[in-house]
Amino acid sequence: MSGDQGEGGKLKQGTRLVHAGRRREWTGMPGDPGTIVNPPVWRASTVLYEDVAHLRSANFHTEQRLYYGRRGAPTGWALADAITQMEPEAAGTMLFPSGVAAIASALLAVLKPGDELLMVDSVYGPTRSICDGLLREIGVMTRYYDPLIGAGIADLIGEKTRAIFLESPGSLTFEVQDVPAIVAVAKDRGLITLLDNTWATPLLLPALGYGVDISILACTKYIVGHSDVMLGSVTANAALWPKVQARALMLGQMASPDDCWLALRGLRTMRVRLKEQGASALALARWLDARPEVASVLHPALPACPGHDVWARDFHGAAGLFSFDLAGGGDAARTAFIDALELFGIGYSWGGYESLALPVDPASLRSARRWDEARGPLVRINVGLEDVEDLIADMDQAFVHWRNAQSG
Ligand SMILES: *Cc1c(COP(=O)(O)O)cnc(C)c1O
């Protein structure tokens, strides 16, 4: 089957992930019965028209038709279509040069001066910067709310409240939000909901299926999956799609066709990567949970994680990113532990095929629900595709350095 959009909804997600976006007109030549498997890289600025009449009649601002390079070309459309088809309730997807650009454009699509935004307190740091910087400057005020608030969000809604932004779980502290409860309140009060779904992807949390209006992905993470491309996406339901699309086009947002091509390549294998990375992460999290060096493990599939019950009810699985508190020792011992790891890279970002370890200190990023600074130092782990036995052995030897750093 060709991956035509109309067929997408009936198929299971894994099958859609393989077929979506591979339209005949993007993988072959007119009149030639053969097609190649992957849409090639369509690079374009100028689009040539047959004659002046054709040029003047062109009004392809919102259609997937060649018009001018900034308005897109088939490589990007193939990726956008594939992401759209991952959620049957989705009307369309816009692509952006980074996840942060996607978040900024989505917020600017739904907010205007005088509006108030309800923002989850565990949100990604740069999203907080958009709220406290750009949005404040243009007269949009942000109120941060407790990630575990659930239906209690109703009490925070005022006359000016226009939208609720969710991110579940938080990417440092892993509180799982009650998405259905918050969406129900939002619908009742006529508010727009946006969700940063980077951790789960639509495979583990079909956000629009839960009634979320706008789903945002840092494709940089699991979609790309190979730590070599920056990319973001915004997917919207039919009601919000025209606004999301118009704002992105107005802001001149677009993604490079080379990056889209790499992201399409990543997307095709995302399901097996996520499954494997999720299984290894859970095995590592359980091993850590039983260690005397570890005070607590923040992994949505473990009962101690705030919101674990909600995760078990709503998610189709767990991704490969989680955190744990060391049982004391302070920053110096944490540093000794991370520096001693041989198989875990030290760096920002996540979702790639290689494991990472990162010291994180969320206290300064919180205002609605304070982070208990008396907790042990926090380490965030991205689990890659290595054999988990090797990752466990690596952590085992690094704990020796953590213990030595404390006694020394
Ligand atoms: C990385 C990340 C982003 C931003 O994506 P970039 O592509 O790095 O701009 C947004 N949200 C979450 C949860 C992230 O982890």
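Everything quoted here is computed from the prediction, not taken from an experiment. Numbering of ligands and ligand atoms starts at 1, following listing order.
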Inspect the surroundings of CZ in Arg313 and state if more than 12 heavy atoms from other residues, nucleotides or ligands are less than 6.0 Å away.
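Yes, CZ of Arg313 has more than 12 neighbouring heavy atoms, counting only those of other groups under 6.0 Å.
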Would you say that more than 12 heavy atoms from the other residues, nucleotides or ligands in this model lie under 6.0 Å from the CZ of Arg271, or not?
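Not buried by this count: 12 neighbours or fewer within 6.0 Å.
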Distance only, no hydrogens: is a donor on one side chain within 3.5 Å (strictly under) of an acceptor on the other, for Ser227 and Glu354?
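Note: Ser227 and Glu354 side chains meet the donor-acceptor criterion.
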Do Tyr353 and Glu276 get their side chains close enough for a donor-acceptor pair, meaning under 3.5 Å?
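Not at all, the side chains of Tyr353 and Glu276 share no donor-acceptor pair under 3.5 Å.
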Between ligand 1 and the protein, find all N/O pairs closer than 3.5 Å and give the distance for each.
{"residue": "ligand 1", "atom": "7 (O)", "partner": "Gly99", "partner atom": "N", "Å": "2.8"}
{"residue": "ligand 1", "atom": "7 (O)", "partner": "Thr220", "partner atom": "OG1", "Å": "2.6"}
{"residue": "ligand 1", "atom": "9 (O)", "partner": "Gly99", "partner atom": "N", "Å": "3.1"}
{"residue": "ligand 1", "atom": "9 (O)", "partner": "Val100", "partner atom": "N", "Å": "2.9"}
{"residue": "ligand 1", "atom": "11 (N)", "partner": "Asp196", "partner atom": "OD2", "Å": "2.6"}
{"residue": "ligand 1", "atom": "15 (O)", "partner": "Lys221", "partner atom": "NZ", "Å": "2.7"}
{"residue": "ligand 1", "atom": "15 (O)", "partner": "Trp350", "partner atom": "NE1", "Å": "3.0"}

Short N-O contact, Asp213 and Lys243, less than 4.0 angstrom
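Result for this pair is no, no salt bridge flagged.
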Kindly determine whether Asp289 and Arg286 satisfy salt bridge (charged side-chain N to carboxylate O under 4.0 Å, His left out), including the steps that lead there.
CA-CA 5 Å; Asp289 205 28; Arg286 288 199 170 120; over 6 Å; no
